[in-house]
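Letters A, B, ... are given to chains in the order of the sequence lines, protein chains preceding strands, and every chain is numbered from 1. No experiment lies behind these values; they were computed from the predicted model shown.
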Number of protein chains: 2
Amino acid sequence: MDYLQMESYLKAISDHNRMLILKYLSKDSLCICEFTELLDMTQPAISQHMRKLKQAELVTEEKRGRWTIWALNVRHPQYPILIHLLSLLPEPERTIETLVAEGKKVVCN
Amino acid sequence: MDYLQMESYLKAISDHNRMLILKYLSKDSLCICEFTELLDMTQPAISQHMRKLKQAELVTEEKRGRWTIWALNVRHPQYPILIHLLSLLPEPERTIETLVAEGKKVVCN
DNA sequence: TGAATCAATAAGCAAACACTTATATAATAA
DNA sequence: TTATTATATAAGTGTTTGCTTATTGATTCA
């Protein structure tokens, strides 16, 4: 890994909203519309963050019906470091359980 | 460590020139004028990078005569992670040994 | 078919970033 | 003292970032 690759990797992570997204993904695969609820952000904002994470190969996407399910890329060479960094961060106030309780968790299969 | 602290920490690291600076500092304490030689950058550019690293508490400074000697802050809570990230990066072409050979290494004590 | 839903992309914008040159400050050397 | 050296800071500039609103594309449902 050279200096520019490392820079891209770290820049993809060093945004508090993207760290929140990654923190959620370390628990569960989620779609854009769920993130808009969890982070209270607009759909295009989330989409653009996911594009950044995808370009850094930190996440993978899987189309399922109307939804795109996003997951952590566990095959990324620096995946263990990412998990460690995420472990240093507190649990977000808004949890996936809240989503479920509000009937906003997407179930697609 | 909350999300904004983590963001500041990672943003301080995620610049290829600052990573080079940190890589050098993981070997030796150095002053600004040595970095201008090693990185081929202007003095104010280096000074401004050091300020960023200092604000993130990644480095410490010690005034010695006209020079300011910069060192890695080994007491930073995430120092071990930093060292690990730096270990993933290749050795820079321009080495401190080259500086010495050219008589440009500062000796101050 | 037509309406609704989920998501990607485009364009625009304010703020942050990484430099530059110019200048100021402080210590040393002549 | 005066000149030199090392560094910090100020101001300016082009680029990047993280959002916004508007639009488009694709899938599902009635």
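The interatomic distance linking B:Glu34 (CD) with D:dA6 (P) rounds to 10 Å, in whole Å. What separates CD of B:Glu61 from C1' of D:dT9 is a distance of 14 Å, to the nearest Å.
In terms of heavy-atom proximity, A:Leu85 sits nearest to B:Met6 at O-CE, 3.3 Å. The two residues A:Met50 and A:Leu25 make their nearest non-hydrogen contact at CE-CD1, 4.2 Å. Considering every non-hydrogen atom in both A:His49 and A:Asn17, the closest pair reads NE2-CB, 4.1 Å. Between B:Thr68 and B:Lys63 the shortest heavy-atom distance is OG1-NZ, 3.6 Å. Shortest non-hydrogen contact noted between B:Pro90 and A:Asp2 is CD-CA, 4.2 Å.
Counting non-hydrogen atoms under 4.0 angstrom, B:Thr68 reaches the backbone sugars and phosphates but no base.
The stretch residues 88-97 of chain B has no heavy atom under 4.0 Å from DNA chain D, so no residue of it qualifies as close.
For B:Lys23, the salt bridge (charged side-chain N to carboxylate O under 4.0 Å, His left out) test picks out B:Glu91, with sequence neighbours left out. Under the rule for a salt bridge (charged side-chain N to carboxylate O under 4.0 Å, His left out), the partners of B:Arg94 that lie at least two apart in sequence or sit in another chain are B:Glu37, B:Glu102. Residues that satisfy the ring pair (Phe, Tyr, Trp, His ring centres under 6.0 Å) test with B:Tyr9, not counting sequence neighbours, are B:His76.
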What one-letter contact string describes nucleotides 18-30 of chain D from 5' to 3', where B marks a base within less than 4.0 Å of any protein heavy atom, S marks contact via sugar-phosphate atoms alone, and - marks no contact?
SBBBB----BSS-
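Sparse packing is recorded around CD of B:Glu57, with 12 or fewer heavy atoms of other residues, nucleotides or ligands lying under 6.0 Å away. The number of heavy atoms from other shown groups lying within 6.0 Å of NZ (A:Lys54) does not exceed 12.
Put simply, chain B comes within 4.0 Å of DNA chain C, heavy atom to any atom, from C:dC17 to C:dA29, going 5' to 3'.
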